[in-house]
Amino acid sequence: MNENPNAAPTNFIRQIIEQDIGSGKNGGKLHTRFPPEPNGYLHIGHAKSICLNFGVARDYAGGLCNLRFDDTNPHKENMEFVQAIQADVKWLGFDWQERLYYASDYFEQLYQFAIELISKGKAYVCDLTPDEAREYRGTLTEPGRDSPFRSRAVEENLDLFKRMRAGEFKDGSRVLRAKIDMASPNINLRDPILYRVRHGVTHHQTNDAWCIYPMYDYTHPISDALEGITHSLCTLEFEDHRPLYDWVLDNISIDCHPQQIEFSRLNLQYTIVSKRKLAQLVSEGHVDGWDDPRMPTLSGLRRRGFTPASILTFCERIGVTKADNLVEMSLLENTLREDLDSRAPRAMAVLNPLKVVISNYLEGQTEHLSAANHPKDESMGSRELTFAREIYIDQEDFREEAPRKFKRLVTGGEVRLRNAYIIKCDEVIKDEAGEIVELRCSYDSETLGKNPEDRKVKGVIHWVPAAESLQAEVHLYDRLFNEPLPGSGGVDFLTQLNPDSLRTLTHCRLEPSLRDAKPGQRFQFEREGYFCVDSDTDADGKRVYNRIVTLRDSWAKIEQEAKRKG
RNA sequence: UGGGGAAUCGUCUAACGGCAGGACAACGGACUCUGACUCCGUCAAUCAAGGUUCGAAUCCUUGUUCCCCAGCCA
């Protein structure tokens, strides 16, 4: 029972950390690390890990969190990813101060520890081909067999390993393996590979200094220990690597032994959080780059208009456990709306314009009205609206015939124009095809800022002036996939892409006050949703807005229910 | 069928032998110049079966279901 509702959320990892600090383990210190591999962009699942690692460091006195690139596989890694990852972590608001590290910083030390292992007879050079090695490894239910090279003399191993480093052997011809137990029921302990040969790739940090590269299972514990990490937090799939993590540190001369603790990764409905699959979406052109606003990448969410605060709150709310999970999108959307509602200034934009001519409003006349930028936060000030004889409203807000529950404009009916007058629809004008092209309305000049006493007008719709409004392109985003868990049940996840994940509207009209809005600025377009000025917006008047998220829409529910009932 | 994990409202999560609580969702209502926000209310869970105990989500036993592992990826 949490007696203080404002207390930081707890979870089993924080409990362990608190115990360790309390008992004086690690000298009472806390030091974590966030260790991404720079082989892709960070996504919402990484945010969970970032919030955990940097979050605990922030919340406990003297706590530190390093940013460390796990860059042991130059084949897949590059500087674009290194830079994007740093930008994303910073965007979330976390700071590694001067502690930016690369596993490659430790290549020489890693090499010396390998020499130590060989000298102790705990590692050997193995000449098995990859195929042979797989065969010798055994299966999940059968033990493996010792490699014929397992009993090589220490001196020979030392000589061979040095020559591996010197570049004398081809890729795949030789590896360095730990000598543990080929019969272990834990496959990770069946003489795991420590080093492999990789010629002809330029490493983004070490260039061509090395042609042998250490494996994750060997690199990670040592990197952690060298940095004085106390708690090494990682995801569940590394749980049965932990014995190897511990073996490495137990068998070399190092005086630090971090504790690896595993938690379950985030799964979010209707999206994917797999770097491999996200990379595929990008490389095959299913989306428009890593920062496509439909992507669950941090750069995509940023471009879409998500706030860092909403992502932090989301990560708090989903918690940290060891249970598999599939979080509903509505939880993310709720934290987003909550944050946006309080901070986004309001504006009016008409997405599907329908012209309205107010017949009893003087031709050529305009008037300036004032509208609050936020209904609850006066400090956000107000802006000027231009009212005119010709305006646009949204096509969705007018119906010739409508059920009683429809509170917007109908033929012969009245509606409030938000922040302006009440109008009445007198006439519907159609083209030859029968499409509604214009409405003739009359306005009640007595209804500005006050309601009429003799009647009740319930509906309120938004509008923009026809001549003075700004043309804009608006991107409406929907879920990227049609399936809650794309790719499950052996189905190709690409076949489950939502073809309507992006709808582009090119004839939208914005209220004039949005003239100088800059990329990254967020607004609530009243009655439509939250929108963010896209980076494609330029100084020459090209305006592009991304819909971050819709408003909660109880009318849509009513309509859907009505439709369902026929 | 080897090893490692996990099972609590629809979803996420709390509980650490002592009233199964919260958030999201859903549903109903109030308010409203945003069918938004806000507020109020309702619905809703301990995988199963045994055992220990005054008392079990929690401890024990036996099952069941799900996830991860056979890359020279991380």
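Every chain is numbered from 1, with letters handed out A, B, ... down the list of sequences. Keep in mind that the numbers below use all heavy atoms, side chains included, and drop hydrogens, waters and symmetry copies. Everything quoted here is computed from the prediction, not taken from an experiment.
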Chemist: Could you tell me whether A:Pro375 contacts a base, only the sugar-phosphate backbone, or nothing, with contacts defined as non-hydrogen atoms closer than 4.0 Å?
Modeler: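 Here A:Pro375 touches the bases of the nucleic acid.
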Chemist: Of the listed nucleotides (B:G5, B:C68, B:C12), which one gets closest to any side-chain atom of A:Asp240?
Modeler: B:C68
Chemist: How does RNA chain B look in dot-bracket notation if pairs are Watson-Crick or G-U with both distances under 3.5 Å, crossing ones as [ ], other-strand ones as |?
Modeler: .((((((..((((....[..)))).(((((.......)))))....(((((..]....))))))))))).....
Chemist: Among B:A14, B:C24, B:C73, which nucleotide has an atom closest to any side-chain atom of A:Arg552?
Modeler: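 Selected nucleotide: B:C24.
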Chemist: Using a heavy-atom cut-off of 4.0 Å across all strands, would you classify A:Ala556 as base, sugar-phosphate, or nothing?
Modeler: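 If one applies the 4.0 Å heavy-atom cut-off, A:Ala556 turns out to touch nothing in the nucleic acid.
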Chemist: Hey, does A:Thr139 reach any base, or is it just sugar-phosphate, or nothing, if we go heavy atoms under 4.0 Å?
Modeler: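 The answer is base, as A:Thr139 lies within the cut-off (heavy atoms under 4.0 Å) of a base atom.
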Chemist: Using a 4.0 Å heavy-atom cut-off, does A:Lys458 contact any base of the nucleic acid, only the sugar-phosphate backbone, or nothing at all?
Modeler: nothing
Chemist: Classify the ring geometry of A:Tyr545 against A:Phe523: parallel below 30°, tilted from 30° to 60°, perpendicular beyond 60°.
Modeler: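 Rings of A:Tyr545 and A:Phe523: tilted, as their planes differ by 30° to 60°.
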Chemist: Mind calculating the distance between NZ (A:Lys407) and P (B:U32) to the nearest angstrom?
Modeler: 11 Å
Chemist: According to the interplanar angle, ranging from 0 to 90°, do the rings of A:Tyr443 and A:Tyr421 count as parallel (below 30°), tilted (30 to 60°) or perpendicular (above 60°)?
Modeler: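 Ring orientation, 0 to 90° scale: perpendicular.
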Chemist: So what does A:Phe12 touch, heavy atoms closer than 4.0 Å: a base, only the sugar-phosphate, or nothing?
Modeler: nothing
Chemist: For the residue pair A:Gln15 and A:Thr10, what are the closest heavy atoms and their distance?
Modeler: CG-OG1, 3.8 Å
Chemist: Please work out if A:Met215 contacts a base, only the sugar-phosphate, or nothing of the nucleic acid, heavy-atom cut-off 4.0 Å.
Modeler: sugar-phosphate
Chemist: When you check the gap from the basic side-chain N to the acidic O, do A:Arg190 and A:Glu142 get nearer than 4.0 Å?
Modeler: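 A:Glu142 and A:Arg190: not salt-bridged.
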Chemist: Scan A:Ser342 against the nucleic acid and name what it touches under 4.0 Å (heavy atoms): base, sugar-phosphate only, or nothing.
Modeler: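 It contacts nothing in the nucleic acid.
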Chemist: Could you tell me whether the side chain of A:Glu135 reaches within less than 4.5 Å of the side chain of A:Asp131, counting heavy atoms only?
Modeler: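 Sidechains of A:Glu135 and A:Asp131: no contact.
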Chemist: By a strict heavy-atom criterion of less than 4.0 Å, which residues belonging to residues 180-194 of chain A are in contact with RNA chain B?
Modeler: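 Residues of residues 180-194 of chain A that come under 4.0 Å of RNA chain B are, in numerical order, A:Pro185, A:Ile187, A:Ile193.
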Chemist: For A:Ile461, which contact category applies under a 4.0 Å heavy-atom criterion: base, sugar-phosphate, or nothing?
Modeler: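 It contacts nothing in the nucleic acid.
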Chemist: For A:Phe263 and B:G5, what is the distance between atoms CZ and C1' respectively, to the nearest whole Å?
Modeler: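 In whole Å, B:G5 C1' and A:Phe263 CZ are 15 Å from each other.
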Chemist: Within the 4.0 Å heavy-atom criterion, would you say A:Thr129 contacts the bases, only the backbone, or no part of the nucleic acid?
Modeler: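 Counting heavy atoms under 4.0 Å across all strands, the contact made by A:Thr129 includes a base.
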Chemist: Is B:G71 syn or anti, taking syn as a glycosidic angle within 90° of 0?
Modeler: syn
Chemist: In this structure, how many angstroms lie between the P atom of B:C66 and the CD atom of A:Glu237, rounded?
Modeler: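 Between P of B:C66 and CD of A:Glu237: 20 Å.
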Chemist: Let's see if you can work this out: which of B:U34, B:C24, B:A74 has an atom nearest to the side-chain heavy atoms of A:Asn334?
Modeler: B:C24
Chemist: Base, sugar-phosphate alone, or nothing: which one does A:Arg408 contact when heavy atoms must sit under 4.0 Å apart?
Modeler: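 Touches a base.
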Chemist: Taking the six-membered ring of A:Tyr111, is the NZ or CZ of A:Arg165 close enough (under 6.0 Å from the centre) and on axis enough (within 45°)?
Modeler: yes
Chemist: Give one of base, sugar-phosphate or nothing for A:Arg527, where a contact means two heavy atoms less than 4.0 Å apart.
Modeler: base
Chemist: Reckon A:Arg418 touches a base, only the sugar-phosphate, or nothing at all at heavy-atom distances under 4.0 Å?
Modeler: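 Base, at least one base atom sits under 4.0 Å.
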Chemist: Select base, sugar-phosphate, or nothing to describe what A:Asp341 touches, counting heavy atoms under 4.0 Å on all strands.
Modeler: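 Counting heavy atoms under 4.0 Å across all strands, the contact made by A:Asp341 is with sugar-phosphate only.
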Chemist: Salt bridge or not for A:Glu37 and A:Lys275, using N-O below 4.0 Å?
Modeler: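 Salt bridge flag = no for A:Lys275 with A:Glu37.
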Chemist: Describe the nucleic acid contact of A:Gly449 in one word from base, sugar-phosphate, nothing, applying a heavy-atom distance below 4.0 Å.
Modeler: base
